[in-house]
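Below, chains carry the letters A, B, ... as their sequence lines are ordered, and counting in each starts from 1.
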Amino acid sequence: MVKKKFSERCYSLLKKVPKGRVTTYKALAEGMGCRAYQAVGSAMNKNPYAPKVPCHRVVNSNGSVGGFAYGVKKKIEILKTEGVCVENGKIINFEKILYEF
DNA sequence: CGGTTGACCAAGT
DNA sequence: GACTTGGCCAACC
C-alpha cells in the first residue's frame, strides 16, 4: 500500500490544514516533496473528495483565492465562515494564516 | 508514447 | 501593474 496516487497525497496533506488557515498549491506540492503545483490544482479541479477535503483552504502563492469548483465567490464565503478575512478576491493576513508543511 | 491541458509559479518585458 | 515566456508535474486523449 502506501502506493497512493499523487492526488490522494494532496488531499491527505490538505486535510492536515487546521480551520481558519490557508495553504498554497506551492506549499502543498513542496510539502509532499514535489513541484507539481499544476498537478495539485488539477487534482483539486477533479475534486472527487469535494466535501471531504477542504479544498477551499488552498489559495495562490500571491495571496489571491485562485479558483474553486463551486465558484470563487462561494470559496470566499466559506473562508469567511472559517474565520479567514478575504477582500477583493485576496486573502487578508495571508502570511499570518498561511499554513506550511 | 507524444501532445494538450490545468483551481500554478517565477522572471522578464 | 498587465501581459508574455519558460518551466514544472500529473492526468487525459
Find every protein N or O atom lying less than 3.5 Å from an N or O atom of nucleotides 9-13 of chain C, and list the pairs.
unit_1: C/dA11; atom_1: O3'; unit_2: A/Lys46; atom_2: NZ; d: 2.3
unit_1: C/dC12; atom_1: OP1; unit_2: A/Lys46; atom_2: NZ; d: 3.3

Do any side-chain nitrogens or oxygens of A/Asn60 fall under 4.0 Å of OP1 or OP2 in B/dC8? yes

What's the spacing between A/Leu28 CG and A/Cys55 SG if we round to 0.5 Å? 11.0 Å

Taking CG from A/Leu79 and P from B/dA7, how many angstroms apart are they, rounded to a whole number? 18 Å

Full working for side chain to side chain contact (heavy atoms under 4.5 Å, CB included) between A/Leu79 and A/His56: CA-CA 7 Å; A/Leu79 285 172; A/His56 56 268; 4.3 Å; yes

So, OP1 or OP2 of C/dC8: does either fall under 4.0 Å of a side-chain N or O from A/Lys26? no

Gap in Å between the two P atoms, one belonging to B/dA7 and one to C/dG7, rounded: 22 Å

Side-chain donor-acceptor contact under 3.5 Å, A/Tyr11 with A/Lys52: no

Length of the CD-P vector between A/Glu100 and B/dC9, whole Å: 13 Å

If you look at every strand shown and take non-hydrogen atoms under 4.0 Å, does A/Asn47 touch a base, only sugar-phosphate, or nothing? base

Does the gap between the ring centers of A/Tyr37 and A/Tyr25 come in under 6.0 Å? no

Worked verdict on A/Arg35 versus A/Glu30 for salt bridge (Lys or Arg N to Asp or Glu O under 4.0 Å): CA-CA 6 Å; A/Arg35 290 179 183 149; A/Glu30 294 193 334; 5.3 Å; no

I'd like to know whether OH of A/Tyr70 has more than 12 heavy-atom contacts from other residues, nucleotides or ligands below 6.0 angstrom. no

